[in-house]
Amino acid sequence: MKGFAMLGLNKVGWIEKPTPAITAMDALVKPLAVSPCTSDVHTVWEGAIGDRHDLILGHEAVAEVVEVGSLVKDFKPGDKVIIPAITPYWETVESQMGYHQHSGGMLLGWQFSNVRDGVFGEYFQVIQADGNLALLPDNVTVEEGVMLSDMVPTGFHGADNAEVAYGETVAVIGIGPVGLMAVAGANLRGAARIFAVGSRELCQKVSKLYGATDLINYKKGDVVGQIKEATHGKPVDKVIIAGGTMEAFEWALKLVRPAGIISNINYLGSGEYFKVNRVDWGLGMGHIKIVGGLMPGGRKNMEYLSNLLKYKKLDVSHLLTHRFKGFGHIEEGLLLMKDKPKELIKPVVTI
Ligand code: NAD
Ligand code: ZN
């Protein structure tokens, strides 16, 4: 079969590989829609997870089941399924501790295009199909469904880890597709005031559709100063970091209240350290939490998040700015994600 792969650092291309073999609990699926991700860009062009050779890229897909192993109970060939970006082994100690994202070791619940071939192949293997697949609701398109693989769960994870509550004020730094879903997640959790920090006009406009109340352009002045001016000097309750550099942590510490939470979902692909200012962190006694998380995957999360689309509580179509038809366009989609033209939020390739 054919696949679009990372050939080595800074190098991508089409390769031929054998169709993967499945075990008794797995499914073999073929993609119906895929979406290239900023994380694919970090992987190839920033070496964020180290060097990889001939590794098929991609971790966001809606697919059709082609074959299932003998122990798979709930899925059959022909089913249309949502593929979460995180597909862990569910029996490990880490999974039992509630962190399936790290099943088997740090970040190893992230299988696709990390430790096994990703979804940009003509076929791919999903381990533990009953635990990792979810049926795509009938009234959700494959293009919308693919936003459930990573964009929705990651943005919502940012809001969940920030423990956003009714009436709170939240700042979201970075409003690409992930940050936009963090805005939507904070909004659904009841935030009253949401600062969306970004510079691109389209993303700003879309952030309003998802519940942002205040737009802050980081290219037009100091972010902390602009937000503090709008709040008359008061701190915000929570900060979600979904873009930018490690400097964002310094801003967040200056913005957040005592016992507030800074929730990072940004992939820190370069640099070594971020600074924690002693005074901003309450001299070490401010009860300010800094948490960073990989999105939760697995079947239950996909089923519950897809309900939001099914029952029209969340409209992901605003994210879909570039649509391609045909497997061959995956490369184009990925290069768009790398170049980030200002009219881009998310490309989707239907197959
Ligand atoms: P994106 O590049 O489209 O969006 C990030 C945005 O931040 C861009 O619009 C960029 O212009 C903006 N930005 C740059 N500097 C900024 C600054 N100083 N202040 C504010 N905004 C700034 O990326 P995305 O697809 O939305 O993904 C966001 C991050 O989330 C990426 O690093 C991605 O790899 C990561 N990610 C994490 C997970 C997870 O599980 N935690 C999953 C998927 C993606
Ligand atoms: Zn992704």
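Each ligand, and each atom within it, is numbered from 1 in the order the structure gives. Hydrogens, waters and symmetry mates are skipped; everything else that's a heavy atom, side chains included, is used. Computed from a predicted structure; not experimentally measured.
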K.L.:
Would you call Asp74-Arg299 a salt bridge at under 4.0 Å N-O?
P.N.:
yes

K.L.:
Hey, is Arg257 close enough to Glu168 for a salt bridge, meaning N to O under 4.0 Å?
P.N.:
yes

K.L.:
Any chance NZ of Lys17 has more than 12 other-residue heavy atoms, nucleotides or ligands included, within less than 6.0 Å?
P.N.:
yes

K.L.:
Is NZ or CZ of Lys73 both nearer than 6.0 Å to the six-membered ring centre of Phe75 and within 45° of the ring axis?
P.N.:
no

K.L.:
Angle between ring planes, Trp110 versus Tyr267, binned at 30° and 60°: parallel, tilted or perpendicular?
P.N.:
perpendicular

K.L.:
Describe, in one word, how the ring planes of Tyr210 and His318 are oriented to each other, choosing from parallel (under 30°), tilted (30 to 60°) and perpendicular (over 60°).
P.N.:
perpendicular

K.L.:
Any salt bridge linking Glu201 with Lys342? Criterion: basic side-chain nitrogen under 4.0 Å from a carboxylate oxygen.
P.N.:
no

K.L.:
Just the protein N/O/S atoms under 2.8 Å from the Zn ion (ligand 2), please, no waters.
P.N.:
Cys37 SG, His59 NE2, Glu60 OE2, Asp150 OD2

K.L.:
Treating Asp51 as the side-chain partner and Leu9 as the backbone partner, does any N or O pair qualify as donor plus acceptor under 3.5 Å?
P.N.:
yes

K.L.:
Report every pair formed by an N or O atom of ligand 1 and a protein N or O atom separated by less than 3.5 Å, giving atom names and the distance to 0.1 Å.
P.N.:
{"from": "ligand 1", "atom 1": "2 (O)", "to": "Lys340", "atom 2": "NZ", "distance (Å)": "2.8"}
{"from": "ligand 1", "atom 1": "9 (O)", "to": "Arg200", "atom 2": "NH2", "distance (Å)": "3.3"}
{"from": "ligand 1", "atom 1": "11 (O)", "to": "Tyr218", "atom 2": "OH", "distance (Å)": "3.4"}
{"from": "ligand 1", "atom 1": "13 (N)", "to": "Tyr218", "atom 2": "OH", "distance (Å)": "3.3"}
{"from": "ligand 1", "atom 1": "23 (O)", "to": "Thr38", "atom 2": "OG1", "distance (Å)": "3.1"}
{"from": "ligand 1", "atom 1": "25 (O)", "to": "Thr38", "atom 2": "OG1", "distance (Å)": "2.6"}
{"from": "ligand 1", "atom 1": "26 (O)", "to": "Pro177", "atom 2": "N", "distance (Å)": "3.2"}
{"from": "ligand 1", "atom 1": "26 (O)", "to": "Val178", "atom 2": "N", "distance (Å)": "3.0"}
{"from": "ligand 1", "atom 1": "32 (O)", "to": "His42", "atom 2": "NE2", "distance (Å)": "3.1"}
{"from": "ligand 1", "atom 1": "32 (O)", "to": "Asn266", "atom 2": "OD1", "distance (Å)": "2.6"}
{"from": "ligand 1", "atom 1": "32 (O)", "to": "Tyr267", "atom 2": "N", "distance (Å)": "3.2"}
{"from": "ligand 1", "atom 1": "34 (O)", "to": "Ser39", "atom 2": "OG", "distance (Å)": "2.9"}
{"from": "ligand 1", "atom 1": "34 (O)", "to": "His42", "atom 2": "NE2", "distance (Å)": "3.4"}
{"from": "ligand 1", "atom 1": "40 (O)", "to": "Met295", "atom 2": "N", "distance (Å)": "2.9"}
{"from": "ligand 1", "atom 1": "41 (N)", "to": "Ile265", "atom 2": "O", "distance (Å)": "3.0"}
{"from": "ligand 1", "atom 1": "41 (N)", "to": "Gly293", "atom 2": "O", "distance (Å)": "3.0"}

K.L.:
Looking only at the side chains, is there a donor atom on one of Glu91 and Gln128 sitting less than 3.5 Å from an acceptor on the other?
P.N.:
yes

